[in-house]
Amino acid sequence: MTTVSAQIAVPDNEDISKYTDNLTGLGNRARLISKIDKLLAERKLDPAPFTVGIANLDGFKPINDLFGYEVGDRILSQIAHRMKALLPEGASCARLRGDEFGLLLPMINDDENAIEFGKLVGEVLSAPYDLGERSVRLSSSFGFAIYPFAGDDPETIVQSADTALYRSKSRGRNQITIYSEDIAEQIKEGAKIEQALRRAITAKDINVHFQPIIDLQTETPVGFEALARWTDIELGTVRPDIFIPLAEERGFIDSLTDLLLREAVKVSQTWPEGMFLSFNLSSAQLVDPSTASSIIKILERAKVDARSVEMEITETAMISDPDSAGRIISELRGSQIGISLDDFGTGQSSLGRLRDFAFDKIKIDRSFVNKICDDEPTAHIVQAILAMCKGLDLIAVAEGIETKEQAQMLKEMGCNYGQGYLFGRPVDGEHTFQYLKSLRLLPRKHLYTPAN
Ligand code: G
Ligand code: G
Ligand code: MN
């Protein structure tokens with residue numbers, strides 16, 4: 001190494017390493033930025049459009065995990081070769097980080113050409129990578145940003161391409177996204193919601209509603225699911241499937257959850273002894289090691305019996321980081337907090353997961369429940385899920401029951417609990433209190449201080 005640097009005893013020696021990616025020999029992020037800067041200067045008088053792209057491999061992490069970093073590195077080097085071979089005149093490619101490659105395409109000037117180029121690169125990158133005794137194939141995702149719409153300085157343009165890439169990734173594999181008017185608008189809207197949401201959390205202005213969960217045999221409520229509700233003065237009612245993912249994405253889901261859980265726990269203390277509170281835990285929290293302890297702390301501080309609280313989690317959460325999800329689940333269960341597997345049957349249902357993780361309940365997704373009476377295959381699937389629950393000693397909860405027929409059928413099939421509009425919509429703490437009273441299930445009145 002020292003001999004090499006001695007040979008190239010030129011002043012910009014340091015610059016070369018500063019701008020080069022050692023593994024692939026491509027330029028690095030700094031190089032790409034400086035190239036964009038140069039192109040911007042050239043086009044100062046005549047701002048003709050050009051394109052910046054970012055390519056990211058799909059499923060590269062498992063390759064590293066499975067075969068080791070050396071294999072991963074070999075693939076990255078092969079990618080660099082392929083990239084160089086397909087670059088048009090005047091274009092350049094840099095390795096930004098990990099499995100992410102940046103492209104500067106001075107001659108690509110509109111969406112159509114960018115998409116076409118993305119498809120070409122995608123095809124070339126999807127050819128098998130030779131690893132000696134085996135070979136692997138990988139698809140890739142792309143984000144493109146076109147100057148001047150996407151920004152007028154290098155960092156902003158790259159950021160726009162990155163935003164587009166993020167969209168591609170969230171749509172699945174093998175996707176191409178161009179940073180567009182729509183995306184820019186959504187980002188502005190997202191920023192507005194984020195601000196209002198942060199304010200609402202600080203002001204404790206988010207509410208929790210409760211939906212009863214019914215024992216199908218006795219037809220009486222056994223617990224409630226807490227569901228977040230938010231109405232902003234300016235934005236109006238914002239649905240949880242908008243603001244929860246936003247809080248996850250922007251990194252403040254923990255403070256939102258703390259607020260919601262505190263509120264939910266407080267209301268649950270007005271319910272009759274033995275009734276449980278079921279709380280949705282967001283998938284982002286299953287990768288955060290502090291999750292279990294902050295939940296346990298909230299329950300302890302409120303002096304609620306942890307045995308009457310359970311966390312609903314979805315499978316998506318367990319896929320991204322099964323190890324930390326497993327640790328959090330065992331920590332919670334170790335404190336007697338129950339675990340329900342939510343939305344079962346949708347997404348990536350894997351039966352292996354039922355064996356590898358300890359659950360107490362399974363919530364059968366409402367997409368099954370609403371077809372159970374008129375679609376025979378659905379009925380068979382639900383029956384099989386119920387048989388499995390029985391064998392595994394899990395309580396089955398059917399979600400989204402809307403008709404008596406559905407409830408009857410599920411009851412006959414041996415489903416333990418049910419939830420849905422037939423039994424009750426989610427309502428606030430006070431209405432939940434009234435509901436219990438109307439059923440002569442005497443709430444613990446002394447604990448209840450209704451909000452005015
Ligand atoms: O309540 P529906 O009411 O529209 O809820 C939509 C989605 O938002 C559901 O998937 C539900 O699980 C989720 N959700 C509702 N409340 C909460 C909450 O307090 N925390 C989390 N993480 N998700 C919630
Ligand atoms: O993802 P999760 O299962 O936590 O979401 C619960 C969602 O189901 C909430 O949005 C809640 O409002 C909704 N929900 C509850 N009962 C019914 C029902 O009977 N029908 C329909 N369509 N939605 C329901
Ligand atoms: Mn749920």
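Counting convention: from 1, in listed order, for ligands and their atoms alike.
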Exercise. For Thr291 and Gln285, which heavy atoms make the closest approach, and how far apart are they?
Worked result: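 In terms of heavy atoms, the two residues are closest at OG1-O, 2.6 Å.
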Exercise. What atoms of ligand 1 come closer than 4.0 angstrom to any heavy atom of Ser282?
Worked result: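 Listed by number with element: 22 (N).
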For this session: Can you sort out which atoms of ligand 1 are near Leu260, meaning under 4.0 Å from one of its heavy atoms?
Result: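 Those atoms are 19 (O).
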Taking only Lys NZ, Arg NE, NH1 and NH2, and the carboxylate oxygens of Asp or Glu, determine whether [X] and [Y] approach each other closer than 4.0 Å.
X: Asp360; Y: Arg333; result: yes
X: Lys363; Y: Glu225; result: yes
X: Glu300; Y: Lys297; result: no

For this session: Let me see the working for Arg173 and Asp58 under salt bridge (charged side-chain N to carboxylate O under 4.0 Å, His left out), right down to the final yes or no.
Result: CA-CA 6 Å; Arg173 294 164 173 256; Asp58 301 323; 5.2 Å; no
Exercise. Do side-chain atoms of Ser282 reach the backbone of Ala284 as a donor and acceptor pair under 3.5 angstrom?
Worked result: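 The answer is yes, because a donor-acceptor pair under 3.5 Å joins these two groups.
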Exercise. Are the side chain of Arg262 and the backbone of Thr257 linked by a donor-acceptor contact shorter than 3.5 Å?
Worked result: no
For this session: Give every protein N, O or S atom lying under 2.8 Å from the Mn ion (ligand 3), naming each by residue and atom.
Result: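 For the Mn ion (ligand 3), the protein N, O and S atoms that sit under 2.8 Å away are Glu225 OE2, Asn280 OD1, Glu312 OE1, Asp342 OD2.
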Give a table of atom pairs where an N or O of ligand 2 lies under 3.5 Å from a protein N or O.
from	atom 1	to	atom 2	distance (Å)
ligand 2	1 (O)	Asp343	OD1	3.1
ligand 2	1 (O)	Asp343	OD2	3.3
ligand 2	3 (O)	Asp342	OD1	3.2
ligand 2	3 (O)	Asp343	OD1	3.0
ligand 2	3 (O)	Glu399	OE2	2.7
ligand 2	4 (O)	Glu225	OE2	3.1
ligand 2	4 (O)	Asn280	OD1	3.2
ligand 2	4 (O)	Asp342	OD2	3.0
ligand 2	8 (O)	Arg366	NH1	2.7
ligand 2	16 (N)	Gln211	NE2	2.9
ligand 2	19 (O)	Tyr421	N	2.8
ligand 2	20 (N)	Glu402	OE2	2.5
ligand 2	22 (N)	Glu402	OE2	3.1
ligand 2	23 (N)	Tyr421	OH	3.4

If you look only at distance, which donor and acceptor atoms sit under 3.5 Å apart when one is on a side chain in residues 190-197 and the other is two or more places apart or in another chain?
from	atom 1	to	atom 2	distance (Å)
Glu194	OE1	Arg250	NH1	2.6
Glu194	OE2	Arg198	NE	3.0
Glu194	OE2	Arg198	NH2	2.9

Exercise. So is Lys119 actually on top of Phe142's ring, under 6.0 Å and inside 45° of the axis?
Worked result: no
Problem set entry | For Phe210, all residues meeting ring-ring contact (aromatic ring centres under 6.0 Å, His included), sequence neighbours excluded | Trp271
